Amino acid sequence: MKNYRIGIFGLGTVASGLIKILKKEKINYQNRFNVNFELSQVVVHDLQKKRAPEFDGLNISDDPAKIIEDPAIDIVIELIGGKTVTKNIIEESLQTGKHVITANKDLIASEGRKLSRLAKEKHVGLFYEAAVAGGIPILRSLSNSLASDEIEQINGIVNGTSNFILSQMRQNKISYAAALKTAQEKGFAEADPSNDVDGIDAAYKLQILADFAFGKQINQRDIQMGGIRTITQADLQDVTDLGYEIKLLASATVISNKLELSVAPTLVPKGHPLASVQNENNAVFVNGRYSGGLMFYGPGAGEFPTANSVAADLIELTKKIDQPESFNTNFSSDLTLAKPKDRIASRYIVFNVANSPGVMHKLSAFFLMSDINFRNIRQYDPVGDNTRVVIITYPASDAQLNPVKTTIRKARGVEIIHEFKLLIEPKEVTNA
């Protein structure tokens, strides 16, 4: 029986779930994997915080040295989040020869490769499956099962808060503000929901996915980003009538050896598996050249789903403890980032136009000058002096559309409310 002593940073939702799993599955892990996990130390920020009675027997401290400088601790599990403090914790743990497991998407998105190199140099393991999509084993699948395939595209609903809000809006016919309030009451959204509803959280996860799937280390500024704040019941009704659902998608697509990246509301056909993902659930749809389309679905957050991903990393680490390897495959591709002429998609564009003769003709002329055709156009009854107009275009590039948007911004009587892309799959990109 191999015995491993563990130190955990943090005692929040995920850490609490992990401790419960390790206690409940202790005998099972001994019998199945011939390992025994001994929780030696927990380090928290606030020692005075009231804890559940079940944690009374734990060794709890607010001194990081209790874990980092203890030579008997083999594995460090970081579950406090953030960047600056946790980066120091992980680097110091690796430097002292300790294996590290983390669920820190923010840090891994920006420092994952650097930390992986340090782990390799020190001959220890660094694992972080729980950093993306909670309980869904997407990183391990990309790193192992799909390593032989050539990934063409990834589309993910990887933020449960935004998906919950959109689901509530559609199901209950309520406004964005009302749905956000419900999400906050249920604990799915923070008091300041910006990270979730503006796509920032999903962008961190897309950075990690792009590294695993395409061997490309990217910055958040490389991602076209948009959020869900402006979506209304009128939009939801429009897209429903047209046969779509709106989802906040984290997307990465290879187009002629160029990588296009976005986190934005996207129209997903109702027949696509991603369209059926509701409430706080996550899903990642992977298109491989040889495997075709694969859907990974499950809870993206929560005490036990995320904690189970951490526990899975623990088991995987112990299997390779004598020759630990970096979790990331660390391959590098020659892909370049897509330019405006390479980013091609159909668009759902909503306008507010003056209710006056000739405005629709002028609107059509703006698109004609960039050779963009309409697949569908809807003009609603006027409200006061203005009319809502909805257009779905045929596939066009950002390079074609950008001059149109610039012209419209300068025009009188025409205002763009928002513009969302339609989900376009690899075969459509090739044929566009």
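What you see is a predicted model; the values in this text were computed from it and never measured.
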In terms of side-chain heavy atoms, does D196 have a donor or acceptor partner in N159 at a distance below 3.5 Å? yes

To the nearest 0.5 Å, tell me how far N308 CG sits from I136 CD1. 12.5 Å

Please determine which of I154, L142, I151, L146 meets the side chain to side chain contact (heavy atoms under 4.5 Å, CB included) test together with F212. L142

Pair Q153, N155: side-chain N/O donor-acceptor within cut-off below 3.5 Å: yes

Could you walk me through whether H99 and Y4 pass the ring pair (Phe, Tyr, Trp, His ring centres under 6.0 Å) test, one step at a time? CA-CA 11 Å; H99 307 281; Y4 298 99; 7.9 Å; no

Using 4.0 Å as the upper bound for N to carboxylate O, is an ion pair formed by R170 and E245? yes

Taking all atoms of both residues into account, what is the closest heavy-atom pair of A250 and V158, and its distance? CB-CG2, 4.0 Å

Under 3.5 Å, is there a donor-acceptor pair linking the side chains of Q168 and N172? yes

Regarding T102 and E78, do their side chains bring together a donor and an acceptor under 3.5 Å, going by distance alone? yes

Regarding Y348 and D235, do their side chains bring together a donor and an acceptor under 3.5 Å, going by distance alone? yes

Would you say the side chains of Q207 and D211 form a donor-acceptor pair under 3.5 Å? no

Taking E419's backbone N and O only, do any of them form a donor-acceptor pair with R347's side chain (distance below 3.5 Å, no angle check)? no

